[in-house]
**Student:** 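Take a look at the following structure, please.
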Amino acid sequence: MAEQQPNHRESTPVTAALRRAAEDATRAPSVLNTQPWRWQIHDDVLELHADPARQLTAIDPEGRLLTLSCGAALHHARVSLAAAGHEAAVERLPDPDRPLLLARVVVGPPRPAAREDLAAYESIRRRRTERRPFGSTAAVTADSLAVLRAAAEAQHARLHRIRPGDLDYLRYAARAAHTIEAKEERHLAEQRAWTHRGPHAADGISPGTVAASAPRPVPLRDFALDHEAALEPGRGDDRGAEYLVLATDRDGPVDWLIAGEAASAAWLAATAQGLAASPMSEVVEIAGARALLASLIDRPGHPQLVLRVGVDPDRAPHPASPRRPPGDVINS
């Protein structure tokens with residue numbers, strides 16, 4: 001009888017780089033920290049799949065934010081490969097008969113890692129979601145805003161700054177979204193399910209990352225609901241915050257994926273600039289609020305997310321959000 005061979009594939013350098021990229025992608029931001037992705041590695045190809053079991057069916061019935069979240073993970077994987085000296089070729093939504101297959105990544109010829117690649121990769125580990133109010137004494141500079149815009153545009157999306165005179169409209173959109181969702185029991189149940197996780201949960205909004213409510217020019221979603229928040233808001237009042245609308249020319253699944261890549265690129269660029277950020281997805285979850293946002297941007301487009309960006313006051317770093325172990329999301 002012939003000797004039985006072990007049932008495993010020998011890892012190649014390309015496979016190892018793809019696995020490392022998928023592991024780094026687990027650090028990507030996602031709506032309510034649902035982490036709605038799965039990675040498959042085979043034949044030196046990395047595939048990104050949406051995980052429909054993690055879709056927020058009340059808050060995100062179309063899958064816009066699920067796909068956007070997966071786009072952020074895709075960009076993190078690309079950054080990991082670039083920092084390791086690999087050129088990545090990406091095919092987005094490659095198979096119409098497999099809608100959950102969002103992207104296919106293959107490694108091209110080696111190339112030296114650029115300084116920007118290394119800075120973005122370092123930012124993957126330092127990036128946090130900062131929900132506490134920013135101070136008003138330090139402003140985000142025009143040069144920093146230009147860097148963030150360029151990062152988004154390199155991913156074929158745009159960042160539009162909300163002008164100070166238009167903040168009242170953004171405030172109205174946020175309040176209207178909060179009011180509408182507070183009246184929808186399915187929305188509230190879904191939010192509670194993903195924010196009231198146990199202390200050892202590997203996903204969702206953990207209690208240790210929730211900031212107490214505080215007066216702000218533009219209100220944020222109340223992640224504490226009827227629970228006590230763990231983080232004190234500090235002395236900031238958020239008057240130094242900038243609100244950046246991320247928009248695309250079209251509004252289909254591939255555009256949502258690109259928007260996620262652009263959100264990741266802008267957020268990592270902000271981190272490298274010493275800035276902090278948090279996303280405001282509630283203002284795109286409600287159609288009316290999203291339409292109001294569209295009227296505030298500089299040119300016609302489809303709002304996909306708002307990034308709130310500011311100078312992080314001198315205080316203890318924001319706790320990291322929990323993450324699922326790589327073995328739960330990577331198959332090879």
Side-chain angles (χ1 to χ4, degrees), residues 28-29 68 71-72 75-76 79 114-124 126-171 173-174 216-220 236-249 255 258-284 290 292-315 318:
L68 192 149
H75 181 261
H76 272 46
V79 167
R115 181 179 61 182
E116 294 80 6
D117 298 329
L118 298 174
Y121 186 71
E122 175 63 25
S123 293
I124 286 178
R126 295 192 295 111
R127 185 203 62 80
R128 297 288 186 272
T129 300
E130 179 56 83
R131 301 185 182 94
R132 293 171 293 187
F134 299 124
S136 56
T137 57
V140 180
T141 67
D143 287 346
S144 290
L145 288 174
V147 170
L148 270 60
R149 285 196 190 98
E153 289 170 2
Q155 308 305 317
H156 308 289
R158 304 188 307 278
L159 277 182
H160 301 268
R161 175 178 180 258
I162 297 290
R163 294 177 288 270
D166 288 337
L167 274 183
D168 285 345
Y169 297 106
L170 179 61
R171 181 186 307 116
R216 307 171 186 256
V218 178
L220 301 186
D237 57 12
D238 241 11
R239 296 190 182 279
E242 293 282 356
Y243 300 90
L244 308 176
V245 181
L246 178 66
T248 53
D249 289 332
D255 307 293
I258 288 170
E261 294 176 83
S264 168
W267 203 334
L268 294 181
T271 302
Q273 292 281 312
L275 303 173
S278 68
M280 296 177 61
S281 64
E282 59 270 35
V283 288
V284 299
R290 193 164 65 247
L292 179 53
L293 278 184
S295 72
L296 302 180
I297 60 180
D298 301 329
R299 55 183 262 201
H302 299 273
Q304 305 294 351
L305 192 69
V306 172
L307 279 178
R308 167 184 158 271
V309 179
V311 178
D312 199 10
D314 184 16
R315 58 189 175 197
H318 196 287

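Here the structure is a predicted model, which is why all the values come from computation and not from measurement.
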**Student:** Find the distance between OG1 (Thr141) and CD (Gln273) and round it off to the nearest 0.5 Å.
**Tutor:**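 CD of Gln273 is found 7.0 Å from OG1 of Thr141.
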**Student:** Grab the two heavy atoms, one from Ala262 and one from Ala157, that are nearest each other, plus how far apart they are.
**Tutor:**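 Shortest heavy-atom separation between Ala262 and Ala157 comes out as CB-CB, 3.5 Å.
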**Student:** Is the closest basic N to carboxylate O distance between Arg308 and Asp238 below 4.0 Å?
**Tutor:**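 So Arg308 pairs with Asp238 through a salt bridge.
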**Student:** Just how far is it from atom NE2 of His302 to atom CZ of Arg290, taken to the nearest 0.5 Å?
**Tutor:**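 Separation between the atoms: 10.0 Å.
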**Student:** What are the two closest non-hydrogen atoms of Asp237 and Gly135, and how far apart are they?
**Tutor:**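 Closest approach of Asp237 to Gly135: OD1-C, 4.3 Å.
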**Student:** Could you please spell out the steps behind the side-chain contact (heavy atoms from CB on, under 4.5 Å) verdict for Leu145 and Leu244?
**Tutor:** CA-CA 9 Å; Leu145 288 174; Leu244 308 176; 4.0 Å; yes
**Student:** To the nearest 0.5 Å, tell me how far Ile124 CD1 sits from Glu122 CD.
**Tutor:**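 Interatomic distance, Ile124 CD1 to Glu122 CD, rounded to 0.5 Å: 9.5 Å.
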**Student:** Looking at Ser123 and Ala119, would you say the former's side chain and the latter's main chain have a donor-acceptor pair under 3.5 Å?
**Tutor:**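 Indeed, once roles are kept as given, a pair shorter than 3.5 Å links the two residues.
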**Student:** Distance under 6.0 Å and angle within 45° of the ring axis: does Arg171 meet both against Tyr243?
**Tutor:**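 Judged by the rule, Arg171 and Tyr243 form no cation-pi pair.
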**Student:** With respect to Arg158, which candidate in Thr248, Asp249, Asp298 satisfies the side-chain contact (heavy atoms from CB on, under 4.5 Å) definition?
**Tutor:**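 Only match with Arg158 under side-chain contact (heavy atoms from CB on, under 4.5 Å): Asp249.
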**Student:** Looking at Val284 and Leu305, what are the two nearest heavy atoms and their distance?
**Tutor:**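 Closest pair (atom of Val284, atom of Leu305, distance): CG1-N, 3.7 Å.
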**Student:** Test side-chain contact (heavy atoms from CB on, under 4.5 Å) on His76 and Leu268; report intermediate values, then the result.
**Tutor:** CA-CA 9 Å; His76 272 46; Leu268 294 181; 4.1 Å; yes
**Student:** At what distance, to the nearest 0.5 angstrom, does CG of Leu68 lie from CD1 of Ile258?
**Tutor:**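 If I round to the nearest 0.5 Å, the distance is 11.0 Å.
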**Student:** Run the salt-bridge test on Asp166 and Arg161 with the 4.0 Å N-O cut-off and return the result as yes or no.
**Tutor:**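 A salt bridge is absent here (no side-chain N lies under 4.0 Å from a carboxylate O).
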**Student:** Rounded to the nearest 0.5 Å, how far apart are CG of Leu296 and CG of Leu167?
**Tutor:**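 Answer rounded to 0.5 Å: 9.5 Å.
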**Student:** I need the minimum non-hydrogen distance between Ala241 and Phe134, along with the two atoms involved.
**Tutor:**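 Scanning both residues completely, I find the closest heavy atoms to be CB-CD1, 3.8 Å.
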**Student:** If you look at every heavy atom in Arg239 and Ser136, which pair is closest and at what distance?
**Tutor:**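 Answer, listing the atom of Arg239 first, then Ser136: CB-CB, 3.9 Å.
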**Student:** For Val245 and Pro303, work out which heavy atoms get closest and say how close.
**Tutor:**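 It is CG1-CB, 3.8 Å.
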**Student:** Test Leu246 against Leu307 for side-chain contact (heavy atoms from CB on, under 4.5 Å), laying out the working first.
**Tutor:** CA-CA 7 Å; Leu246 178 66; Leu307 279 178; 5.9 Å; no
**Student:** Between Met280 and Leu220, does the side-chain contact (heavy atoms from CB on, under 4.5 Å) criterion hold? Intermediate values first, please.
**Tutor:** CA-CA 7 Å; Met280 296 177 61; Leu220 301 186; 3.9 Å; yes
